[in-house]
Amino acid sequence: MNVLDLAHPAEEVAPKLLGAVLTHETPEGTVSIAITETEAYSGAADPASHAYRGRTPRNAVMFGPAGHMYVYRSHGLHWCANIVTGTDGIASAVLVRAGRVVEGEDLARERRGAKVEGPRLARGPGNLCRALGITAEHNGTDLLAGAPVTLSEGEPVSEGLIRIGPRVGVSKAHDWQHRFYLAGDPTVSAYRLSPRAKPSAGA
């Protein structure tokens, strides 16, 4: 599957997005980040998904079309970016959890803090959005239409480097094996089990 062929279920697209590049062009400059960690979220069948209980004004972008960006605020503090996948009308999205800055490191560091080490600039979904300068105004952006925020193919990733594990920090369906990341990459965020997590049926 081509990395830009997003019209598939989130759990199929999520590993294919490893190595793909998110780029945001702004008046201050351009930052590009190669994706190193993702998490898949479905709709009505996924208790951890924002779309589990149906369509709302907040999660409407998750219902398609594929290739748009769903941006939400986590815990009232951090913006998180998701790439919408699947069939139009059925909620499906991939959370971009972490990445490696491949362009615009100085600007990313300016946004994140002068003392932040390179591997930590975009480690974690909130930090990634801050490094890219992504906020609520980018919710619904078509990443494939040449907008200021775009998704493009990056360097090929060996399937042997891809690891699969449980999702980070969610209390429901946390043990679903829907997290994908590059083995040994220092930009990948640490696994953290939610204190409210309980065992659930896998998918």
Side-chain angles (χ1 to χ4, degrees), residues 3-4 6 8-24 33-53 56 58-64 66-86 90-100 121-136 138-141 143 149-151 154 157 162-182 185 187-194 197 200 203:
V3 68
L4 301 183
L6 303 172
H8 300 272
E11 61 271 22
E12 294 181 19
V13 175
K16 303 297 183 181
L17 286 173
L18 297 175
V21 177
L22 274 175
T23 298
H24 186 197
I33 291 177
I35 299 171
T36 59
E37 181 184 7
T38 60
E39 280 180 349
Y41 289 88
S42 303
D46 186 347
S49 171
H50 287 180
Y52 181 57
R53 299 189 184 281
T56 67
R58 180 199 188 199
N59 67 26
V61 176
M62 278 190 73
F63 288 79
H68 287 234
M69 187 161 60
Y70 168 50
V71 180
Y72 68 88
R73 196 151 207 171
S74 176
H75 305 296
L77 298 173
H78 309 293
W79 297 110
C80 297
N82 301 257
I83 298 169
V84 177
T85 69
I90 300 176
S92 180
V94 175
L95 172 65
V96 184
R97 283 203 54 85
R100 180 178 65 259
L121 287 172
R123 181 193 292 166
N127 293 332
L128 180 140
C129 279
R130 187 176 299 174
L132 279 170
I134 289 175
T135 65
H138 302 106
N139 187 45
T141 296
L143 296 170
V149 185
T150 57
L151 176 71
V157 169
I162 299 176
R163 299 291 182 268
I164 305 173
R167 295 186 287 203
V168 178
V170 296
S171 59
K172 297 178 181 179
H174 67 91
D175 46 4
W176 288 20
Q177 302 295 296
H178 282 189
R179 176 182 175 232
F180 304 87
Y181 59 96
L182 297 182
D185 195 297
T187 66
V188 172
S189 58
Y191 176 73
R192 178 176 58 83
L193 178 67
S194 168
S200 60

Can you tell me how far the CG atom of N82 sits from the CG atom of N59, to the nearest 0.5 Å? 11.0 Å
Find the distance between CG (L132) and CZ (R130) and round it off to the nearest 0.5 Å. 12.5 Å
Which heavy atom of A14 sits nearest to which heavy atom of F180, and what is that distance? CB-CD1, 3.5 Å
Sidechain-backbone polar pair: Q177 side chain, D175 backbone, donor-acceptor under 3.5 Å: yes
Which of these, T141, L143, V96, sits in a side-chain contact (heavy atoms from CB on, under 4.5 Å) with L151? L143
What heavy-atom pair brings G165 and Y181 nearest, and what distance separates the two atoms? N-CE2, 4.5 Å
Could you pull out all residues at least two apart from H68 that satisfy ring-ring contact (aromatic ring centres under 6.0 Å, His included)? none
Roughly how far, to the nearest 0.5 Å, is the CE atom of M69 from the CG atom of N139? 8.0 Å
H138 side chain reached by C129 side chain, heavy atoms, under 4.5 Å: no
Nearest heavy-atom pair of S92 and P9: which atoms, and what distance? OG-C, 4.0 Å
Only counting residues at least two apart or in another chain, list the ones meeting ring-ring contact (aromatic ring centres under 6.0 Å, His included) with H50. Y70, Y72
Distance-only donor-acceptor check, side chains S49 and S42, under 3.5 Å: no
Rounded to the nearest 0.5 Å, what's the gap from CG on L95 to CG on L17? Could you check? 11.0 Å
Backbone of H8 reached by a side-chain donor or acceptor of T85 within 3.5 Å: yes
Main-chain N/O of A40 paired to R167 side chain as donor or acceptor, under 3.5 Å: yes
Using only heavy-atom distances, determine whether the side chains of R97 and S189 contain a donor-acceptor pair under 3.5 Å. yes
Show your reasoning for whether side-chain contact (heavy atoms from CB on, under 4.5 Å) applies to V13 and I83. CA-CA 10 Å; V13 175; I83 298 169; 5.9 Å; no
Please report the C-alpha distance between V168 and R179 in whole Å, then the side-chain angles of each, then the deciding distance to 0.1 Å, and finally whether the side-chain contact (heavy atoms from CB on, under 4.5 Å) criterion is met. CA-CA 8 Å; V168 178; R179 176 182 175 232; 3.6 Å; yes
Here the pair of heavy atoms bringing P166 nearest to H174 is CB-O, 3.2 Å
Straight-line distance of I33 CD1 to T187 OG1, nearest 0.5 Å: 9.5 Å
Nearest heavy atoms of Y41 and A10, plus distance in Å: O-CB, 3.6 Å
Taking all heavy atoms of A66 and all of G86, pick out the closest pair and write down the distance. CB-O, 3.7 Å
CD1 (I162) and NZ (K16) are apart, to the nearest 0.5 Å, by 7.0 Å
Taking C-beta and beyond as the side chain, do T38 and L18 meet within less than 4.5 Å on heavy atoms? yes
Close side-chain approach of H178 and E39, heavy atoms under 4.5 Å: no
Residue R53 excluded, over 12 heavy atoms near CZ under 6.0 Å: no
